[in-house]
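What you are looking at is a predicted structure, and each value in this text was computed from that prediction instead of being measured.
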Amino acid sequence: RRWHLRLSRALRSAGFTPLKTDECVWVLTSDVASGTKGSTSAWQPQRHVHGVLGVHVDDLIGGGDQKWQEAIRKLRTELEFGSWEQKKFTFRGRALEQSYDNKIIEIRMGQYLENLKPISIPKEIRSNPDQQLPPQLHTEFRGLLGGLQWLCTQGSPGLSYDVNLLQSRSSAPNEHD
């Protein structure tokens, strides 16, 4: 909690504002006048977004223009960060890589998938595939499903149908599942 309060103060001091809809997303904006010179319509301020910063506990991710870069430099003088990676890094299970021209960001989750551990089914259960899994394997099954579900929601929606079918069996799985 103290870290969150300290980070919030430092972000506000650097000019960032949290979104009303998600206080884990902070934006750096400035006023921009709208309307055309000589227009009879009333002048209304608009906001120009210089950059966005996402916060997950003590992990931050974001990007923006030169004004955003300056605000980040200020933030880094106020707070100590363990590491500050750019261009190519892993964030919350995703490998991110920005192209040299800064126009493309690739997101890969292969390492996350490789880290999911398959369940080892003992021979006696394999010989009776309709038998319900014992509690320990049931727990492992549900844990694996949670990992697969996260993968689906974070970057591999094409797996969602198959994972959903497996989840429908999660209350009483057997070796077939």
Side-chain angles (χ1 to χ4, degrees), residues 1-39 41-117 142-164 167:
R1 175 99 176 119
R2 282 191 297 213
W3 163 251
H4 174 72
L5 293 174
R6 188 170 169 221
L7 177 62
S8 295
R9 279 192 301 273
L11 286 168
R12 288 181 199 285
S13 173
F16 287 88
T17 307
L19 291 182
K20 291 179 183 175
T21 55
D22 188 345
E23 293 184 2
C24 294
V25 178
W26 293 73
V27 292
L28 181 67
T29 62
S30 63
D31 286 331
V32 176
S34 68
T36 310
K37 193 173 185 178
S39 169
S41 63
W43 177 87
Q44 296 181 2
Q46 292 182 345
R47 306 297 290 167
H48 174 80
V49 176
H50 294 282
V52 179
L53 190 67
V55 177
H56 182 270
V57 188
D58 61 351
D59 293 329
L60 290 87
I61 189 167
D65 63 14
Q66 188 61 35
K67 185 170 180 155
W68 184 88
Q69 296 287 338
E70 291 167 15
I72 292 298
R73 275 192 287 282
K74 179 180 182 197
L75 181 68
R76 291 182 69 192
T77 63
E78 291 184 40
L79 298 173
E80 186 177 318
F81 292 94
S83 67
W84 195 270
E85 300 169 282
Q86 298 179 42
K87 297 287 187 184
K88 185 176 182 178
F89 55 94
T90 300
F91 182 80
R92 308 276 313 133
R94 300 165 197 86
L96 295 118
E97 185 170 356
Q98 187 174 17
S99 64
Y100 289 106
D101 61 5
N102 296 331
K103 293 183 179 181
I104 298 171
I105 298 174
E106 290 184 27
I107 303 171
R108 293 180 300 283
M109 297 182 71
Q111 188 63 49
Y112 173 83
L113 183 59
E114 288 178 24
N115 288 338
L116 291 177
K117 304 289 183 231
R142 292 179 69 162
L144 182 58
L145 283 178
L148 290 170
Q149 179 61 38
W150 190 84
L151 181 67
C152 291
T153 61
Q154 299 300 310
S156 297
L159 299 175
S160 295
Y161 178 78
D162 294 326
V163 172
N164 187 36
Q167 286 176 323

In this structure, CG of Leu116 is separated from CE of Met109 (nearest 0.5 Å) by 9.0 Å
Look up atom CD in Glu106 and atom CD in Glu97, then write down how far apart they are to the nearest 0.5 Å.
6.0 Å
For Arg6 and Glu78: C-alpha separation, side-chain torsions, deciding distance, then whether salt bridge (charged side-chain N to carboxylate O under 4.0 Å, His left out) applies.
CA-CA 10 Å; Arg6 188 170 169 221; Glu78 291 184 40; over 6 Å; no
Compute whether any side-chain donor of one residue and acceptor of the other, for Ser30 and His50, lie under 3.5 angstrom apart.
yes
Is any side-chain heavy atom of Ile61 less than 4.5 Å from a side-chain heavy atom of Phe89?
yes
Less than 4.5 Å apart, any side-chain heavy atom of Leu28 and any of Val49?
no
Indicate the atoms forming the closest heavy-atom contact of Ala71 with Ala14, along with that distance.
CB-O, 3.6 Å
Is any side-chain heavy atom of Cys152 closer than 4.5 Å to one of Ser160?
yes
Side chain to side chain, Arg9 and Leu5, heavy atoms closer than 4.5 Å
yes
Under the criterion side-chain contact (heavy atoms from CB on, under 4.5 Å), I'd like the reasoning laid out for Arg108 against Arg94: C-alpha separation, chi angles, the key distance, then a yes or no.
CA-CA 6 Å; Arg108 293 180 300 283; Arg94 300 165 197 86; over 6 Å; no
Those residues at least two apart in sequence (or on a different chain) that pass ring-ring contact (aromatic ring centres under 6.0 Å, His included) with Phe81 are Trp84
For the CG atom of Leu7 and the CG atom of Leu60, what is their distance to the nearest 0.5 Å?
5.5 Å
Minimum heavy-atom separation for Pro18 and Arg12, please, with both atom names.
CD-NH1, 3.5 Å
Derivation and outcome, side-chain contact (heavy atoms from CB on, under 4.5 Å), residues Ser8 and Glu23
CA-CA 10 Å; Ser8 295; Glu23 293 184 2; over 6 Å; no
What is the minimum heavy-atom distance between Gln149 and Val163, and which atoms define it?
OE1-CG1, 3.7 Å
Which distance, rounded to the nearest 0.5 Å, do you find between the CG of Asn164 and the CG of Leu159?
12.0 Å
Asp58 versus Trp3: any side-chain heavy-atom pair under 4.5 Å?
yes
Any side-chain heavy atom of Trp26 within less than 4.5 Å of one from Leu19?
no
Out of curiosity, Arg92 CZ to His56 NE2, how far, rounded to the nearest 0.5 Å?
3.5 Å
Looking only at heavy atoms, what is the nearest atom pair of Ala10 and Leu75, with distance?
CB-CD1, 3.6 Å
Check: Ala95 main-chain N/O paired with Tyr112 side-chain donor or acceptor under 3.5 Å
no
Find the distance between SG (Cys24) and CG (Asp59) and round it off to the nearest 0.5 Å.
11.5 Å
Taking the side chain as everything from C-beta on, heavy atoms only, tell me whether Leu96 gets closer than 4.5 Å to Ile105.
yes
Would you call Gln98 and Lys88 a side-chain contact if the rule is heavy atoms closer than 4.5 Å?
no
Quiz question: by atom type and distance under 3.5 Å, do the side chains of Lys87 and Ser99 form a donor-acceptor pair?
no
Is there a donor in the side chain of Gln69 and an acceptor in the side chain of Asp65, or the other way round, less than 3.5 Å apart?
no
Taking every non-hydrogen atom, the tightest pair across Phe16 and Ile72:
CZ-CD1, 4.0 Å
Does a sphere of radius 6.0 Å around CZ in Arg76 hold more than 12 heavy atoms from other residues, nucleotides or ligands, not counting ones at 6.0 Å or beyond?
yes
